[in-house]
J.: 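Encoded as structure tokens, here's the structure I'll be asking about.
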Amino acid sequence: MEKIKMTTPLVEMDGDEMTRILWKLIKDELLLPFVDLKTEYYDLGLDYRNETNDQVTFDSAEATKKYGVAVKCATITPNAARMPEYNLKEMWKSPNGTIRAILDGTVFRAPIIVKGIEPYVKNWTKPITIARHAYGDVYKGVEMKIPAAGKAELVYTNEAGEETRETIHDFDGAGIIQGMHNLNGSIESFARSCFNFALDTKQDLWFATKDTISKKYDHTFKDIFQEIFDAEYKEKFDAAGIEYFYTLIDDAVARVMRSEGGYIWACKNYDGDVMSDMVATAFGSLSMMTSVLASPNGYYEYEAAHGTVQRHYYKHLKGEETSTNPIATIFAWSGALRKRGELDNLPELMAFADKLEKACINTIENGEMTGDLYLISTLENKKKLNTHDFIMAIRKTLESLM
């Protein structure tokens with residue numbers, strides 16, 4: 001069989017630990033036998049990030065701007081325990097955070113629904129897509145421990161040297177403070193990404209913050225969304241038969257729990273971080289969650305929503321058998337290949353991406369799955385496979401579809 005051709009490379013960002021092992025298996029067994037794969041490779045493994053003083057992360061983001069589509073493996077964001085383990089020069093920042101800031105994008109996360117994996121919220125019959133703002137707030141926060149009594153102030157100095165001050169708190173003892181910021185331009189990009197994604201997928205868009213308490217910070221998000229929607233998107237939404245509305249996040253949570261799903265829920269950075277994990281878990285597994293960073297400038301970066309599966313990696317290093325779920329990582333590749341095919345007008349590449357995803361779903365629904373799904377699947381005839389055997393089962397299904 002002749003391999004499917006590509007014309008423009010994908011930006012390929014390799015990662016860490018067990019997901020790095022999965023990455024190679026997926027390429028060797030599910031991609032390279034079928035696609036004449038063209039990628040520009042960047043090693044975002046922690047060792048090489050440390051060796052390059054994290055320059056490789058910045059380079060991979062700039063390459064994404066050049067080529068338009070990237071696919072990323074899960075990576076370690078180091079904590080104090082990782083410093084001696086990897087002999088790090090410093091505690092490097094999250095690669096995801098760095099890439100998101102450079103691409104000025106929004107993260108859209110949605111569950112992969114398969115027969116036999118029943119949502120814990122029984123009325124959720126359609127996917128719920130979380131749109132997470134990918135800049136600022138606590139992720140760019142500046143923190144300080146207050147050692148003793150004293151006055152903490154928020155100070156803004158304009159270019160003319162004039163100051164505006166607000167008292168944060170008059171401390172009568174030790175405490176803590178945190179300063180957060182965001183940018184109007186980033187919020188505008190967030191809004192446009194959400195509106196464009198809703199139009200692309202023909203789904204209603206909800207947006208929620210806590211503007212009743214945060215009357216300037218959160219209210220600014222609310223106002224910017226509404227202004228852009230009214231000026232640029234209202235007529236398009238009406239024509240598409242979809243709806244945008246804003247509500248308090250308290251109300252949104254209640255509505256979400258009572259809903260059947262089938263919409264996009266836009267959240268600020270921290271809210272989106274937490275709620276995407278909640279939605280993924282409620283639908284079955286973080287390993288069954290797609291994640292794409294979409295920029296209003298037309299850049300796309302596809303990744304798995306989960307981490308590097310550290311515990312399985314340590315078992316792997318000992319030579320022990322693992323049953324790690326590769327589905328989210330496979331769907332990162334399929335999403336990137338589909339978008340590459342769409343942008344380059346390559347219908348065969350788009351069709352391959354569809355078949356790869358169908359092969360994954362069919363394999364699970366036929367009762368062959370990894371341990372995390374085996375524990376929650378309601379299928380009567382099911383079989384737990386190790387990591388390698390599960391990927392080979394998907395390959396067998398894929399071959400039958402090709």
J.: Between Glu348 and Lys5, does any NZ, NE, NH1 or NH2 come within less than 4.0 Å of an OD or OE carboxylate oxygen?
T.: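 The answer is no: the pair does not qualify as a salt bridge.
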J.: Is there a donor-acceptor contact under 3.5 Å from the side chain of Asn196 to the main chain of Arg192?
T.: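 Flag set: sc Asn196 to bb Arg192 pair under 3.5 Å.
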J.: Judged by modelled atom types alone, do Glu321 and Asn386 share a side-chain donor-acceptor pair under 3.5 Å?
T.: yes
J.: Phe58 versus Thr98: any side-chain heavy-atom pair under 4.5 Å?
T.: yes
J.: Using a 4.5 Å cut-off on heavy atoms from C-beta on, say whether the side chain of Tyr233 contacts that of Tyr244.
T.: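 No - every pair of side-chain heavy atoms lies 4.5 Å or more apart.
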J.: Would you indicate whether Gln178, at its atom CD, is surrounded by more than 12 heavy atoms from other residues, nucleotides or ligands within a distance under 6.0 Å?
T.: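 More than 12 within 6.0 Å, yes.
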J.: Using a cut-off of 6.0 Å, state whether more than 12 heavy atoms not belonging to Glu85 lie near its atom CD.
T.: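 Enclosed.
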J.: Salt bridge check: are Glu153 and Lys151 linked by an N-O gap of less than 4.0 Å?
T.: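 Looking at Lys151 together with Glu153, the answer is yes, because their closest N to O distance falls below 4.0 Å.
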J.: Would you indicate whether Asn158, at its atom CG, is surrounded by more than 12 heavy atoms from other residues, nucleotides or ligands within a distance under 6.0 Å?
T.: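 Buried by this count: over 12 neighbours within 6.0 Å.
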J.: Give, for atom CZ of Phe283 and atom CE of Met278, the distance between the pair rounded to the nearest 0.5 Å.
T.: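 Result: 9.5 Å between the selected atoms.
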J.: Measuring only between side-chain heavy atoms, which start at C-beta, is Cys73 closer than 4.5 Å to Thr19?
T.: yes
J.: Could you tell me if Asp230 and Gln226 have a donor-acceptor pair between their side chains, going purely by distance under 3.5 Å?
T.: yes
J.: Extract all donor-acceptor atom pairs below 3.5 Å that involve side chains of residues 390-402 and protein atoms in other chains or at least two apart in sequence.
T.:
{"residue": "Arg395", "atom": "NE", "partner": "Glu399", "partner atom": "OE2", "Å": "3.0"}
{"residue": "Arg395", "atom": "NH1", "partner": "Glu29", "partner atom": "OE1", "Å": "2.8"}
{"residue": "Thr397", "atom": "OG1", "partner": "Thr363", "partner atom": "OG1", "Å": "2.9"}
{"residue": "Thr397", "atom": "OG1", "partner": "Ala393", "partner atom": "O", "Å": "3.0"}
{"residue": "Ser400", "atom": "OG", "partner": "Thr397", "partner atom": "O", "Å": "2.5"}

J.: Take Asn50 and Asn87 through the side-chain contact (heavy atoms from CB on, under 4.5 Å) test and state the conclusion after the steps.
T.: CA-CA 9 Å; Asn50 189 57; Asn87 194 25; 5.6 Å; no
J.: Contact between Asn182 and Asp137 at the side-chain level, heavy atoms closer than 4.5 Å - yes or no?
T.: yes
J.: So how far is it from Ile213 CD1 to Lys215 NZ, rounded to the nearest 0.5 Å?
T.: 6.0 Å
J.: Please test Trp92 against Asn53 for side-chain contact (heavy atoms from CB on, under 4.5 Å), starting from the C-alpha separation and ending with a verdict.
T.: CA-CA 8 Å; Trp92 305 109; Asn53 297 319; 3.8 Å; yes
J.: Is it the case that the side chains of Asn96 and Ser94 hold a donor-acceptor pair, with the cut-off being a distance below 3.5 Å and no angle test?
T.: no
J.: Indicate whether the side chain of Tyr48 and that of Thr52 have a donor and an acceptor atom separated by less than 3.5 Å.
T.: no
J.: Quick one about Ser186 and His133 (side-chain donor to acceptor, distance below 3.5 Å, no hydrogens or angles considered), yes or no?
T.: yes
J.: Determine, for Arg340 against Asp344, whether the closest basic-nitrogen to carboxylate-oxygen distance falls under 4.0 angstrom.
T.: yes
J.: Does a sphere of radius 6.0 Å around CD1 in Ile176 hold more than 12 heavy atoms from other residues, nucleotides or ligands, not counting ones at 6.0 Å or beyond?
T.: no
J.: For Leu154 and Thr164: C-alpha separation, side-chain torsions, deciding distance, then whether side-chain contact (heavy atoms from CB on, under 4.5 Å) applies.
T.: CA-CA 8 Å; Leu154 201 59; Thr164 303; over 6 Å; no
J.: When you compare the side chain of Thr57 with that of Leu44, does any pair of heavy atoms fall below 4.5 Å?
T.: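 Contact flag for Leu44/Thr57 side chains = yes.
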J.: Any ion pair linking Lys216 and Asp211 (charged N to carboxylate O, less than 4.0 Å)?
T.: no
J.: Under the salt bridge (charged side-chain N to carboxylate O under 4.0 Å, His left out) rule, what do Asp43 and Arg49 come out as? Steps first, then yes or no, please.
T.: CA-CA 8 Å; Asp43 185 355; Arg49 276 185 276 146; over 6 Å; no
J.: Hey, is CD on Glu380 packed in by over 12 heavy atoms from elsewhere, all under 6.0 Å?
T.: no
J.: Just list the side-chain donor-acceptor pairs under 3.5 Å for residues 104-118, sequence neighbours left out, or say none.
T.:
{"residue": "Asp104", "atom": "OD2", "partner": "Ser189", "partner atom": "OG", "Å": "2.6"}
{"residue": "Arg109", "atom": "NE", "partner": "Ser291", "partner atom": "OG", "Å": "3.2"}
{"residue": "Arg109", "atom": "NH1", "partner": "Ser276", "partner atom": "OG", "Å": "3.3"}

J.: Any side-chain heavy atom of Ser377 sitting closer than 4.5 Å to one from Met369?
T.: yes
J.: So that I can tick it off, tell me whether Lys89 and Asp54 are bridged by a salt bridge, with the cut-off set at under 4.0 angstrom between side-chain N and carboxylate O.
T.: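 Looking at Lys89 together with Asp54, the answer is no, because their closest N to O distance does not fall below 4.0 Å.
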J.: Can you list the steps and then say if Asp271 with Ile249 is a side-chain contact (heavy atoms from CB on, under 4.5 Å)?
T.: CA-CA 9 Å; Asp271 297 340; Ile249 195 156; 3.3 Å; yes
J.: Assess, by modelled atom type and distance only, whether the side chains of Glu163 and Tyr156 contain a donor and an acceptor separated by less than 3.5 Å.
T.: no
J.: Before accepting this row, confirm whether a basic side-chain N of the pair Lys315/Glu17 lies closer than 4.0 Å to the acidic partner's carboxylate O.
T.: no
J.: Cationic tip of Lys234 within the cone over Phe237's six-membered ring, i.e. under 6.0 Å and within 45° of the normal?
T.: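 Pair Lys234/Phe237 does not count as cation-pi.
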J.: Under the criterion ring pair (Phe, Tyr, Trp, His ring centres under 6.0 Å), which of Tyr139, Tyr217, Tyr135 is the partner of His181?
T.: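 Of Tyr139, Tyr217, Tyr135, ring pair (Phe, Tyr, Trp, His ring centres under 6.0 Å) with His181 is met by Tyr135 alone.
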J.: Any heavy-atom pair between the side chains of Met6 and Asp36 that's under 4.5 Å?
T.: no
J.: Taking atom types as modelled and ignoring hydrogens, do the side chains of Thr322 and His316 form a donor-acceptor contact shorter than 3.5 angstrom?
T.: no
J.: Please determine if Asp14 and Lys24 form a salt bridge, counting it only when a charged side-chain N lies under 4.0 Å from a carboxylate O.
T.: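 A salt bridge is absent here (no side-chain N lies under 4.0 Å from a carboxylate O).
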J.: Is any side-chain N of the basic residue among Lys358 and Asp354 closer than 4.0 Å to the acidic one's carboxylate O?
T.: no
J.: Identify the two heavy atoms, one from Cys360 and one from Ile330, that lie closest to each other, and give their separation to 0.1 Å.
T.: SG-CG2, 3.6 Å
J.: Could you tell me which non-hydrogen atom of Ser60 sits nearest to which non-hydrogen atom of Ile99, and how far apart they are?
T.: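 Ser60 and Ile99 have their closest heavy atoms at OG-CD1, 4.1 Å.
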J.: Does Glu368 come within less than 4.0 Å of Lys382, counting only side-chain N to carboxylate O?
T.: no
J.: So which of Phe190, Tyr246, Phe245 actually passes ring pair (Phe, Tyr, Trp, His ring centres under 6.0 Å) with Phe225?
T.: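 So the option named by the test is Phe190.
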J.: Are more than 12 heavy atoms, taken from residues, nucleotides or ligands other than Met144, located less than 6.0 Å from that residue's CE atom?
T.: no
J.: The criterion is side-chain hydrogen bond (donor to acceptor under 3.5 Å, both in side chains); which residues satisfy it with Tyr270, sequence neighbours excluded?
T.: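 Here no residue qualifies.
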J.: Distance alone, cut at 3.5 Å: any donor-acceptor contact between the side chains of Glu243 and Trp206?
T.: no
J.: Judged by modelled atom types alone, do Thr125 and Lys122 share a side-chain donor-acceptor pair under 3.5 Å?
T.: no
J.: Strictly by modelled atom types, are Thr201 and Gln203 linked by a side-chain donor-acceptor pair under 3.5 Å?
T.: yes
J.: Considering the options Lys27, Lys38, Lys72, which one meets the salt bridge (charged side-chain N to carboxylate O under 4.0 Å, His left out) requirement together with Glu12?
T.: Lys27
J.: Does a donor on one side chain and an acceptor on the other come within less than 3.5 Å for Glu301 and Tyr299?
T.: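 The criterion, which ignores hydrogens and geometry beyond distance, is not satisfied for Tyr299 and Glu301.
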J.: Assess whether a salt bridge exists between Glu303 and Arg100, defined as any Lys/Arg side-chain N lying under 4.0 Å from an Asp/Glu carboxylate O.
T.: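 Salt bridge present between Glu303 and Arg100.
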J.: Taking Asn269 for its side chain and Gly136 for its backbone only, find out whether a donor-acceptor pair lies under 3.5 Å.
T.: yes
J.: Can you confirm whether Asp170 is buried at CG, in the sense that more than 12 heavy atoms of other residues, nucleotides or ligands lie under 6.0 Å from that atom?
T.: yes
J.: Honestly, is Lys222 close enough over Phe207, meaning NZ or CZ under 6.0 Å from the six-membered ring centre and within 45° of the axis?
T.: no
